[in-house]
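One structure below.
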Amino acid sequence: MQEMATDLLDPKLTNNLDKEPDALSYHRTCHVLGLPYDIMYLIFTFSLDQTRHEKHDFPTIISHVCRLWRQYALDTPSFWTSLRFKSTTPEIEMYRTWLERSKDSPFDLEIGWLPFVGASITHAKAIMRLVFPHVQRLRSLHVSDVPFKIRQLIFDRLNNAQMPLLETLNIERGWHIDEKPSLADRKFKPFIHGDAANLKHAILKNVP
């Protein structure tokens, strides 16, 4: 150890080190717009995963930064595959555009309770009218804390649906505390006449 310390203090070695180029002074910078698509794809995908449950819509944000980023976003259908109806006014037109941009990619649908405060049936029908033409590529469905009549409407519409790509079904809380559906109505039997043969995960919380 002492020899190593002595060597480091050797004037000859010190002079040689002085002649070596400073790595920091030779660093190269690359503007973000100069990064190849593959790198930007990884960055966008990571960011999308981190913000998937946030209120803002990351794909829309990056598509409004500049022309190049917009082209990247539009050329990547998987960026537009997460539909979340969790606000008081369903973003029907926005998600209509997302479904178009997602092309043939499988998509995920999440429906919360907020759209059904007030004009509940109207919003539920609007959501199902939007989604139903694309339901054959639905990959996951998450319905949480919606009124019983809304849950019933959703799954009545899906009763005869062909959903060969559906892998995950997540239903939380079948009805509100103040609702009292009959025992017959409480029986949850989704997709009786439809097709969800690839369903792998069924998560039912407080649903008989």
- Message: Please find the pair of heavy atoms, one from Ala73 and one from Phe79, that lie closest to each other, and give the distance.
- Response: CA-CD1, 4.0 Å
- Could you tell me which residues satisfy side chain to side chain contact (heavy atoms under 4.5 Å, CB included) with Arg101, sequence neighbours excluded, listed by chain and number? Arg70, Leu74, Trp80, Thr97
- Euclidean distance, Arg151 CZ relative to Asp156 CG, rounded to 0.5 Å: 10.0 Å
- Do the side chains of Phe107 and Trp98 get nearer than 4.5 Å, heavy atoms only? no
- Message: Would you say Met163 ends up clustered with Leu165 if hydrophobic residues are merged whenever their side chains have heavy atoms under 4.5 Å apart, either directly or through other cluster members?
- Response: no
- Please test Gln71 against Asp75 for side chain to side chain donor-acceptor pair (under 3.5 Å), starting from the C-alpha separation and ending with a verdict. CA-CA 6 Å; Gln71 193 60 51; Asp75 287 344; 3.0 Å; yes
- Note on the structure: Note: Lys125 and Leu153 closest approach over all heavy atoms is CG-CD1, 4.0 Å
- Message: Quick one, His142 and Leu169 - any side-chain contact, counting heavy atoms below 4.5 Å?
- Response: no
- Message: Any side-chain to backbone donor/acceptor pair from Thr76 onto Ser78? Under 3.5 Å, distance only.
- Response: no
- Query: What about Trp69 and Tyr72, are their ring centers closer than 6.0 Å?
  - Reply: no
- Query: Given Asp108, which of Arg139, Arg137, Arg84 fulfils the salt bridge (charged side-chain N to carboxylate O under 4.0 Å, His left out) condition?
  - Reply: Arg139
- Counting N and O atoms only, with roles assigned by atom type, does the side chain of His123 sit under 3.5 Å from a partner on the main chain of Pro115, one being a donor and the other an acceptor? yes
- Of all residues at least two apart in sequence or in a different chain, which pass the side-chain hydrogen bond (donor to acceptor under 3.5 Å, both in side chains) check with Thr60? none
- Distance, nearest 0.5 Å, that separates OG of Ser140 from CD1 of Ile203: 10.0 Å
- Query: Got a second to check how far Phe85's CZ is from Ile127's CD1, nearest 0.5 Å?
  - Reply: 5.0 Å
- Message: Closer than 3.5 angstrom, by distance alone: can the side chain of Asn198 be matched with the main-chain N or O of Leu166 as a donor-acceptor pair?
- Response: no
